[in-house]
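Naming convention: chains lettered A, B, ... in sequence-line order (proteins, then strands); numbering from 1 in each chain.
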Amino acid sequence: MHPYRTHTCGDLRRTDADKQVKLSGWVHRKRDHGGVIFVDLRDHYGITQIVVNPDSPFFKEVETLRNESVITFTGQVVLRTQDTINPNMVTGEIEVVAQDFLLESSVEESLPFTVNQELDCPEETRLSYRFLDLRRERMHKNILLRSKTTALVRQHLCDRGFIEYHTPILTSSSPEGARDYLVPSRLYPGQFYALPQAPQQFKQLLMVSGFDKYFQIAPCFRDEDSRADRSPGEFYQIDMEMSFITQDDLFVELEGLMVRIFRELSSKHIVAETFPRIAFRDAMEWYGTDKPDIRYEMKMVDCTDIFTDCELKVFSSQAQSGGVVKVINAKGAADRPRKFFDEMERYARSEGAKGLAWVALRDGDMKGPIVKFMSDAEKKALCERVGAVEGDALFFGAGKRQETNELMGKVRQALARQLDLVDRNVVAFCWIVDFPMFERNPDTGQIEFSHNPFSMPQGGMEALQTMDPLDILAYQYDIVCNGIELSSGAIRNHRPDIMLKAFDIAGYSESVVKSKFPALWKAFHYGAPPHGGIAPGLDRIIMLLADEPNIREIIAFPLNQRAQDLLMGAPNQVDLRQLEELHIDVVLPPENA
RNA sequence: GGAGACGUAGUUCAGUUGGUUAGAACGCCGGCCUGUCACGCCGGAGGUCGCGAGUUCAAGUCUCGUCGUCUCCGCCA
């Protein structure tokens, strides 16, 4: 017989009755009746109940076992009597009567938290004992889901003709973007490698190398502060790039991948399998953000022109001075108590609003503090414009266009939460398209790239030569799911002449382009195919699949918020000899010296 | 770098207006228990109330500082 097991703890069924078996695993839970002990034995695959009878020579030893000890039982599978069957367990129709027992590994200390229940405990403790934390059902499931996701992505993309490549981890520091992680060079004193923030230039070079369809589940390293949905240090992208494609081709390809992931790995309903496309400017006007949650509608509506001559100066003065009046129709919210409206206003103020006007359509009339300042014509036009009917409540924001859009966008989200419009069992994707190529820096007045300088401007060279730079759009797009930005992507600019012109508009000379991006600049002079791509964040996709609010819950060994690994003790100090080899002198800041 | 919330037993939490010896559940230790499956019953141990000052006759409770954790802003082409 195998020294550890003949079956796993999730294997045995009634058809295995009378078999002689051996099982190994952890003590999940123990029920000691004095005369008989039940041990729930757990491994990766499941839980099986072991029965230890009082005449067993190892009865005393089992009695003193602590939870999470690792043990091996040999015994016979027996059918449970009808009244002792546990319908909640897949192995609940049988149990194993122990005949032999071996303690493989005992638990020496009391556990820092319970493994057999999902009770809250400090994250610091969980990360310090991550190997225990990962035994818990929820974490175990999350890590399995991660594996299933990467396996499905690989299978799907390979089936679609994509090829997976490896790109360097030690590369050169990039001049723009996030802060790099640097690796000192031993051979070249004073010089450094950088860990890639993304394999952006390599995947483009692979396209120039003629490979056509690239993907990689790519580690990316950025030395930036963390967020709930942003791991410090490192994260993974499903990095993709294709040659000879249009934006539409890429959208179809990615929609297929996303729909397959969510269909096969979650039970959530996908609202639309062809994702709606929303122009960046429309997104800002309708939702006040470039990552709208479109699980609910509640677009804001521009009503500026209605209130040009309104008695309410807050509205008319904005309407006359280039500002806007934006209105959100909260369907069916009119009968909410006064407290609801007061709290919405308080929220708006906390986000920087000067106030939040509202009206409620109740009892065949319009109610609210500002109603007396509105003429009948204004009321009528307002209701028509926003489609308001009896029972609806309207919320108003007035001010400068961009500020008001962003503010009312937050109000929209808060309203959706309050009115319970957010369905957790739904995924709503959308594309945000037509990002502007350039924008004016409000501080310096300079024209700058608004996103990736390597995106192809819509209209190509002609647009750059003839249009107002601020009106030029780029083939630059984001994919957004439930209000979370999963990725940016672009059809790239593969033409050196167009690139030079674009950089010229942003105030950069030819020498800057050459020196900042030498690889691509050189490559694009030797026959570069039109190409484009995208790189959805793997971690965020898994968060959505697992319904986890924090990215650390879907990573086996994450850094904490302050970028430390509490289990391994990283970062740590190194030997002086190592520093000398690397020609590194450490100069500590005064407070640490 | 900035802001907010939180910090009481191994863990999750309660702790009144500042007032006697800081409680409960789970876990741990000991005892009882032959059909449980979150087994049950009895008993016990376990606390510098994050740390340091201050106010007060009296501080877990109020004030200030500090440290830690999480969340957000900045940052993330």
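- Nucleotides B:rG7 and B:rG43 are separated by 33 Å at their C1' atoms, to the nearest Å.
- We find that CG of A:Leu566 is positioned 13 Å from P of B:rG68, with the value rounded to whole Å.
- For B:rC37, the base has a donor-acceptor partner in the side chain of A:Arg80 [N/O atoms by modelled type, under 3.5 angstrom].
- A donor-acceptor pair is defined here as one N or O able to donate and one able to accept, closer than 3.5 Å; no such pair exists between the side chain of A:Glu68 and the backbone of A:Leu111.
- At a threshold of 4.0 angstrom between heavy atoms, the contacts of A:Glu448 with the nucleic acid are absent.
- The aromatic ring of A:His33 sits over the base of B:rC39, with ring centres less than 5.5 Å apart and planes inclined by under 30°.
- A salt bridge does not link A:Arg126 with A:Glu123: none of the charged nitrogens is closer than 4.0 Å to a carboxylate oxygen.
- Nucleotide B:rC75 is matched to nothing when pairs are restricted to Watson-Crick or G-U wobble geometry with both distances under 3.5 angstrom.
- Heavy atoms of other residues, nucleotides or ligands lying less than 6.0 angstrom from CZ of A:Phe58 number more than 12.
- As rounded to the nearest Å, B:rU69 and B:rG23 have C1' atoms that lie 25 Å from one another.
- B:rC41 is paired with B:rG31 under the Watson-Crick or G-U wobble criterion, all donor-acceptor distances under 3.5 Å.
- The partner of B:rC64 is B:rG52, judged by Watson-Crick or G-U wobble contacts that both fall below 3.5 Å.
- Going from atom CD1 of A:Ile37 over to atom P of B:rC37 covers 16 Å, rounded to whole Å.
- The existence of a salt bridge linking A:Glu137 and A:Lys141 is excluded, since no basic side-chain nitrogen approaches an acidic carboxylate oxygen closer than 4.0 Å.
- Taking a pair to require two hydrogen-bonding distances under 3.5 Å in either a Watson-Crick or a G-U wobble arrangement, B:rA24 pairs with B:rU12.
- In this structure, NZ of A:Lys30 is placed 15 Å from C1' of B:rA38, rounded to the nearest angstrom.
- As the counterpart of B:rG4, B:rC70 is assigned, both hydrogen-bonding distances of the Watson-Crick or G-U wobble pattern falling under 3.5 Å.
- The number of heavy-atom neighbours closer than 6.0 Å to CE of A:Met568, taken from other residues, nucleotides and ligands shown, is 12 or below.
- Between the CD1 atom of A:Ile551 and the P atom of B:rC70 there is a distance of 14 Å, given to the nearest Å.
- Across B:rC33 and B:rA22, the matching P atoms stand 36 Å from one another, rounded to whole Å.
- Rounding to whole angstrom units, CD of residue A:Glu63 and P of B:rU34 are separated by 11 Å.
- Using a cutoff of 4.0 Å between basic side-chain nitrogens and carboxylate oxygens, A:Lys30 and A:Asp32 are not scored as salt-bridged.
- Nearest-nucleotide mapping onto RNA chain B: of A:Asn53 and A:Leu127, the residue sitting toward the 5' end is A:Asn53.
- Of the side-chain N and O atoms in A:Arg31, none sit less than 4.0 angstrom from OP1 or OP2 of B:rU36.
- Proximity of a side-chain donor or acceptor of A:Thr289 to a complementary backbone N or O of A:Lys291 within less than 3.5 Å is detected.
- The gap from the P atom of B:rC49 to that of B:rU61 amounts to 10 Å, rounded to the nearest Å.
- Between A:Glu224 and A:Arg179, at least one side-chain N (NZ, or NE/NH1/NH2) sits under 4.0 Å from a carboxylate O, which counts as a salt bridge.
- Contact detail for A:Ala490 and A:Gln476: the closest heavy-atom pair is CB-OE1, 3.9 Å.
- A straight line from NE2 of A:His28 to P of B:rA38 spans 9 Å, rounded to a whole angstrom.
- Comparing the same atom, C1', in B:rG74 and in B:rU16 gives a spacing of 42 Å after rounding to whole Å.
- Using a distance-only test at 3.5 Å, with no hydrogens or angles considered, no donor-acceptor pair links the side chain of A:Arg412 to the main chain of A:Tyr287.
- Rounded to whole Å, the separation between the P atoms of B:rG68 and B:rG52 comes to 16 Å.
- The aromatic ring centroids of A:Phe202 and A:Tyr165 lie 6.0 Å or more from each other.
- The aromatic rings of A:Trp431 and A:Phe251 lie parallel to each other, with less than 30° between the two planes, well short of the 60° mark.
- Remark: the separation of the P atoms in B:rA24 and B:rA14 is 16 Å, to the nearest Å.
- Counting to the nearest Å, the P atom of B:rC37 and the CG atom of A:Leu41 are 19 Å from each other.
- Separation of the P atoms belonging to B:rC28 and B:rA77 is 49 Å when rounded to the nearest angstrom.
- Among the nucleotides B:rG35, B:rC33, B:rA38, the one closest to any side-chain atom of A:Arg29 is B:rA38.
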Could you encode protein contacts along nucleotides 71-77 of chain B as a string, one character per nucleotide from 5' to 3', using B for base contact, S for sugar-phosphate-only contact and - for no contact, with a heavy-atom cut-off of under 4.0 Å? BSBBBBB
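- For B:rG68, one of the phosphate oxygens OP1 or OP2 lies less than 4.0 angstrom from a side-chain nitrogen or oxygen of A:Arg562.
- The phosphate of B:rC29 (OP1 or OP2) has a side-chain N or O of A:Arg66 nearer than 4.0 angstrom.
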Can you build the contact string for nucleotides 3-14 of chain B? Use B for base contact, S for sugar-phosphate-only contact, and - for no protein heavy atom under 4.0 Å. -------SSS--
